[in-house]
Amino acid sequence: MSDLSQYGILKTPVKFLKGVGERRALLLEKELGIGTVGELIEYYPFRYNDRTKIYNISELNSEMSFVQVRGVIQAVEAEGTKYKRRLKAYLRDDTGVIELVWFNSIDYYKNRIHSGERYTVFGKPNSFGGMFSITHPEMESPDTDRSAVGMFFPVYHTSEKMKRQHLGSRELSDIVRTALEKARGAVPETLPAYIIEQYDMLPREEAIRAMHFPAGARELERAKLRLKTEELFYLRLKMRVMHDRRQSTSPGFRFDRVGEHFNKLYREGLPFELTNAQKKVLREIHADLQSGHQMNRLLQGDVGSGKTAVAVLCMLLATDNGMQACIMAPTEILARQHYLSISKMLEGQNLSIALLTGSMTKKEKGGIAARLESGEIDLLVGTHIIIQDYVKFRRLGLAVIDEQHRFGVYQRSVLWDKNAHLSPHILIMSATPIPRTLALTMYGDLDVSILDELPPGRTPISTIHAYEKDRSEVHFFILSELRKGHQAYIVYPLIEESERLDYRSVEEGFELVSQAFPAHRVGMVHGKLSADEKERVMDSFEKGETNILVATTVIEVGVNVPNASVMLIESSERFGLSQLHQLRGRVGRGAAQSYCILMTGNKVSETSLKRIQTMCESTDGFYIAEQDLKLRGYGDMEGTAQSGEGLGLKLASLSEDAQIVHFVVHLTDRILSEDPSLSLPKNAILRNCLSEMMVGEKDWIQIS
């Protein structure tokens, strides 16, 4: 076996640790992604067993989750046939007897547990036939040198394959203890002394040790606070440094001229007065476009807040300065919607606008690509096909990315290469409001503008929760809206029938709705229709020829039919809050009072009910996003954990640790305002740690 000293201890392969070896090392690598001592000691427990108390057997009751008892084994016996065996033992203390049972690894335990010997036993008690029993208990002799008694004992996530190889949580804790001993004094500090002292933080090595084997609840909380703060601090610091670096080193086209195209739309072409929020955001964006630095700005806005109008005005600033602009949408329906609305806005302007989608013929695509490269096309609207190599611009100055969470970082970064001279300005739009805590941390590398004001005249949408038993009443209400001349959406969560799920599919729903409303025309749209079929169905609905549109979430964004006043969402417990809010935003676009009906089964889980109640309480997308974060955590939120784009947080949670997020935002901003280049001696640790983190970082993270 190789000597540990030939490696830095934290980079030492785990196979060299006592009790590991080649076979267990392969398991750790394959099942948990742990290959080195450093990775092992940062693999934290997910919970702890309180082993500080030893109960008398007479104190046990069925309400207890886990207990610890101590006594003498009276008998050990195997029962059953070769294929259905179990091992039983009886443990007695001064107050009673408890039964211990094993169904797996029977020979293993039979050879290690002996009558007449004293053991401490830990597990979940179950009562049966007047006697308590513990199935598959943890056992140890009181004189063992690695006793868990009297402490909070770590419980780690392991796999079934590991457990079958006798590498469960208990065995893993033994290996971690060995690793911590070997690494004593070798764990580098990552925060400056002045921060640790000012905020009374545990040193890093002490915090890691306490995360695995805390002396008590207080020490465990201090360890968590130290390590969570460190994770969020460096995430925020990295984002801020990238932002500042881009601001100072990334040149961009200067859009100094506000010309004919912009002024004509701003003064004459808009059918409404811009809100104060829209005007403020336009000023922020225009300042970026005149700065001489490349813009990377995130434009957040709730449903119906007017992001598209802002984007079009920005695109016209590009054309007024002799440049081209494009807008990339995630679906053909949304791309076509943008193309139609932009064409209508710019009617009468001397501008060439083109649509490019994947469903077009090769000849159509080639013709648009040629006109684009020659500079004949001023504004291009399209799907992700825009990033294909054959799509070349003559002078792309601004790229707008709509519904940014639908695109991966690589797809978005390709737009940077669409201008050979300087990277185009980037405006990222999100119709899904991002919680402020998430935006502060995750988008610290972007400039953020928020449209927090809806256009005047919008009537708040009334949201109602209805159960399956209320269906006839719901249908009667929809009928009353149809008789007023309005239209309705009915949304289903599935495309085809599923034996595993009993939720009605959109195709079955279409039949049921057609039967329920025989005097009205019903259309159907879903993702499996061809682009031409989708366009035909949507066109019929937009013109009012179709009264009811049965759909999947393909209509989640981009569909704008002011005459639609009812949105019925079937099996709404199947949808996340973000989707429910986006779907609801398809109504309430006209002057009439609009309604969103959330239909669920008669029995709804507590979490689903909380989502439904949140929707009924508020139409504020930012509030809803905050609630979504609390209910689901950041990792499940749409767009925040795309493949390869995770935040790398092991302990911290943006949903639970908002207070720490705000603390690190203020701390990093304070440090960088005093020492922008982290050149002061007291910040040497920050400079060195940050340099290591950013080795090999792709430039495209700046547009993420």
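Heavy-atom basis, side chains included; hydrogens, waters and symmetry copies ignored.
Note that CG of Leu583 is 11.0 Å distant from CG of Leu568, once rounded to the nearest 0.5 Å. Here the CG atom belonging to Asp402 is positioned 11.0 Å from the CD atom belonging to Gln337, to the nearest 0.5 angstrom. Put simply, CD1 on Ile461 and NE2 on His581 are 8.0 Å apart, with the number rounded to the nearest 0.5 Å. Expressed to the nearest 0.5 Å, how far OH of Tyr266 lies from CG of Leu274 amounts to 5.5 Å. To the nearest 0.5 Å, the span separating CD1 on Ile353 from CE on Met315 amounts to 8.5 Å. In this structure, CD1 on Ile624 lies 5.0 Å from OG on Ser618, to the nearest 0.5 angstrom.
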Practice task
Using the side chain to side chain donor-acceptor pair (under 3.5 Å) rule, take Thr614 and Gln627 through it: C-alpha gap first, then chi angles, then the decisive distance, then the call.
Solution key: CA-CA 7 Å; Thr614 298; Gln627 299 310 305; 4.9 Å; no
Exercise for the section: Show the numbers, then the answer: is there a side chain to side chain donor-acceptor pair (under 3.5 Å) between His425 and Asp288? Expected result: CA-CA 9 Å; His425 296 292; Asp288 281 354; over 6 Å; no
Exercise for the section: Could you please spell out the steps behind the side chain to side chain donor-acceptor pair (under 3.5 Å) verdict for Thr546 and Ser540? Expected result: CA-CA 6 Å; Thr546 300; Ser540 174; 2.6 Å; yes
Practice task
List the steps, then state whether salt bridge (Lys or Arg N to Asp or Glu O under 4.0 Å) holds for Glu507 with Lys528.
Solution key: CA-CA 11 Å; Glu507 290 171 340; Lys528 290 194 173 183; over 6 Å; no
Exercise for the section: Could you check Thr600 against Glu573 for side chain to side chain donor-acceptor pair (under 3.5 Å), going step by step and ending with a plain yes or no? Expected result: CA-CA 6 Å; Thr600 68; Glu573 66 270 33; 4.7 Å; no
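For Phe510 and Tyr492, the ring centers are positioned 6.0 Å apart or more. For His475 and Phe517, the distance between ring centers is under 6.0 angstrom.
Using a cut-off of 4.0 Å between Lys/Arg side-chain N and Asp/Glu carboxylate O, Arg395 and Glu373 are scored as not salt-bridged. Salt bridge Glu570/Arg471: present, at least one basic N to carboxylate O contact under 4.0 Å. Between Glu332 and Lys534 there is no salt bridge, since no side-chain nitrogen of the basic residue lies less than 4.0 Å from a carboxylate oxygen of the acidic one. With respect to Glu347 and Lys344, no salt bridge is recorded, no charged nitrogen being found less than 4.0 Å from a carboxylate O. Between Arg536 and Asp532, no side-chain nitrogen of the basic residue sits less than 4.0 Å from a carboxylate oxygen of the acidic one, so the salt-bridge criterion is not met.
The two residues Gln324 and Arg394 come nearest to each other via the heavy atoms OE1-N, 2.9 Å. In this structure, Ala564 and Tyr489 approach most closely via the heavy-atom pair CB-CE1, 3.5 Å. Cys596 and Ile569 make their closest contact through SG-CD1, 4.0 Å (heavy atoms, listed as atom of the first residue, atom of the second, distance). Nearest heavy atom pair, residue Ala466 against residue Val474, reads CB-CG2, 3.8 Å. Residues Thr383 and Ala335 come closest through the heavy atom pair CG2-CB, 4.0 Å. Closest approach of Ala354 and Ile377 over heavy atoms only: CB-CD1, 3.6 Å.
Checking each of Val537, Leu512, Val525, Val506 against Val550 for a side-chain contact (heavy atoms from CB on, under 4.5 Å) leaves exactly one that passes, namely Val506.
The 12-atom threshold is not exceeded at CD of Glu260, counting heavy atoms of other residues, nucleotides or ligands nearer than 6.0 Å. Summarising the local packing, CD of Glu473 is surrounded by 12 or fewer heavy atoms from other residues, nucleotides or ligands at distances under 6.0 Å. Remark: Asn602 CG is packed, more than 12 non-hydrogen atoms of other residues, nucleotides or ligands lying under 6.0 Å away.
A donor-acceptor pair under 3.5 Å links the side-chain atoms of Glu533 to the main chain of Ser530, judged by distance alone.
When side chains are defined from C-beta on, Thr357 counts as touching Leu355, because their heavy atoms get closer than 4.5 Å.
Ring orientation note: the planes of Tyr467 and His465 are tilted relative to one another, at an angle of 30° to 60°.
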